[in-house]
Amino acid sequence: MQSCIYTSGYGYSKRLCEDVTSWFLNKFLKRHKIEVEILHRGLKREAVYGWCSVQDCDWKPRNFLIEIQSNLSQKDYIQTLLHELYHCYQHIKGDLRDVRGIRCWKGIKWGNENYDNMPWEIETREQEVILYHEYLSEKNGRPVSEVAHYFPNRLMKVL
């Protein structure tokens with residue numbers, strides 16, 4: 001299967017963005033053809049480091065928009081990107097859905113509770129730390145040429 005990454009915005013390393021995203025897609029979503037647009041912009045007014053939203057349907061989502069705060073430290077950037085990519089994974093697995101404007105987690109509808117205490121956020125916060133350490137340990141000493149890269153102007157096979 002082939003996937004595609006589009007990046008835009010300011011205050012980020014395109015190479016790092018593509019490397020982290022390619023690593024995640026190769027590791028967890030290799031069998032899925034998805035499109036991920038990653039927009040880097042100021043999110044300070046929203047008081048968040050990142051957002052993930054489904055751009056097509058929520059039944060079998062394959063098109064995602066990830067927005068990330070510009071000018072983060074490298075560690076915060078990688079963890080935030082992995083956090084938002086993990087939300088894509090939750091949507092693709094079908095654990096996280098929006099049904100008629102109501103967020104559902106594993107088939108259970110959730111209301112307006114504190115967002116930080118939602119089960120999908122708890123799982124994702126745990127995973128972002130695990131994934132961050134996996135990414136660093138797997139990338140340590142590995143040449144960039146061994147990692148699949150996706151570019152909007154040329155789509156390449158997943159390794």
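- By the 4.5 Å heavy-atom criterion applied to side chains, Phe64 and Gln55 are not counted as neighbours.
- No hydrogens or angles considered: nothing links the side chains of Thr80 and Gln69 as a donor-acceptor pair under 3.5 Å.
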query: Can His87 and Thr124 be said to form a side chain to side chain contact (heavy atoms under 4.5 Å, CB included), step by step?
result: CA-CA 7 Å; His87 281 313; Thr124 305; 3.3 Å; yes

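- Residues Leu29 and Leu65 fall into different hydrophobic clusters, defined by Ile, Leu, Val, Met, Phe, Trp and Tyr side chains chained together at heavy-atom separations under 4.5 Å.
- One distance of note links NE2 of His40 with OH of Tyr10; it measures 11.0 Å at 0.5 Å rounding.
- By the 4.5 Å heavy-atom criterion applied to side chains, Lys30 and Leu25 are not counted as neighbours.
- For the pair Lys139 and Glu134, the salt-bridge criterion is not met [side-chain N within less than 4.0 Å of a carboxylate O].
- In this structure, Phe28 places its CZ atom where more than 12 heavy-atom neighbours from other residues, nucleotides or ligands lie under 6.0 Å away.
- Here the straight-line distance linking atom CD of Gln127 with atom CD1 of Ile122 works out to 13.0 Å at 0.5 Å rounding.
- In this structure, the separation between OH on Tyr6 and CD1 on Ile38 is 12.0 Å, given to the nearest 0.5 Å.
- Under a cutoff of 6.0 Å and an axis angle of 45°, Arg97 and Trp59 form a cation-pi pair.
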- request: Apply side chain to side chain donor-acceptor pair (under 3.5 Å) to Glu121 and His83, showing your working.
  value: CA-CA 9 Å; Glu121 277 302 316; His83 179 105; 3.2 Å; yes

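- Transitive grouping of hydrophobic side chains (ILVMFWY, heavy atoms separated by less than 4.5 Å) brings Leu16 and Leu131 into a common cluster.
- Inter-residue side-chain proximity for Thr7 and Tyr12 is flagged as met; some heavy-atom pair is nearer than 4.5 Å.
- We find the CH2-CG distance between Trp23 and Leu136 to be 9.0 Å, quoted to the nearest 0.5 Å.
- Judged purely by atom type and a 3.5 angstrom limit, Ser3 uses its side chain to pair as donor or acceptor with the backbone of His32.
- In terms of heavy-atom proximity, Thr21 sits nearest to Cys17 at OG1-O, 2.8 Å.
- Atom NZ of Lys93 is surrounded by more than 12 heavy atoms from other residues, nucleotides or ligands within 6.0 Å.
- Judged by distance alone, the side chain of Asn26 and the main-chain N or O of Ser22 form a donor-acceptor pair under 3.5 Å.
- Under a 3.5 Å cut-off, the side chain of His91 and the backbone N or O of Leu96 do form a donor-acceptor pair.
- In this structure a side-chain-to-backbone donor-acceptor pair under 3.5 Å is present from Glu84 to Cys52.
- In the hydrophobic clustering, Trp51 connects to Leu43, Val48, either directly or through intervening members, whenever side-chain heavy atoms lie under 4.5 Å apart.
- When side chains are defined from C-beta on, Asn63 does not count as touching Ile34, because their heavy atoms never get closer than 4.5 Å.
- Between Tyr89 and Tyr86, the two ring planes are tilted [angle within 30° to 60°].
- Salt bridge absent: Asp56 and Arg62 never bring a charged side-chain N and a carboxylate O closer than 4.0 Å.
- A distance of 13.5 Å separates CZ in Arg31 from CD1 in Ile92, rounded to the nearest 0.5 Å.
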query: So Tyr135 and Lys27, side chain to side chain contact (heavy atoms under 4.5 Å, CB included) or not? Walk me through it.
result: CA-CA 10 Å; Tyr135 171 76; Lys27 189 163 185 85; over 6 Å; no

- prompt: Under the side chain to side chain contact (heavy atoms under 4.5 Å, CB included) criterion, do Gln90 and Trp105 qualify, and how do the steps go?
  reply: CA-CA 9 Å; Gln90 290 171 326; Trp105 174 249; 3.6 Å; yes

Intermediate values then yes/no, side chain to side chain donor-acceptor pair (under 3.5 Å), Asn71 and Tyr77: CA-CA 8 Å; Asn71 300 313; Tyr77 179 80; over 6 Å; no

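- Contact record, Ser8 with Leu39: OG-CD1, 3.3 Å, taken as the closest heavy-atom pair.
- Side-chain contact between Cys104 and Asp98: absent, with no pair of heavy atoms (C-beta onward) separated by less than 4.5 Å.
- Between Arg125 atom CZ and Met118 atom CE the span is 11.0 Å, to the nearest 0.5 Å.
- The closest donor-acceptor contact from the side chain of Ser70 to the backbone of Gly11 lies at 3.5 Å or more, if one exists at all.
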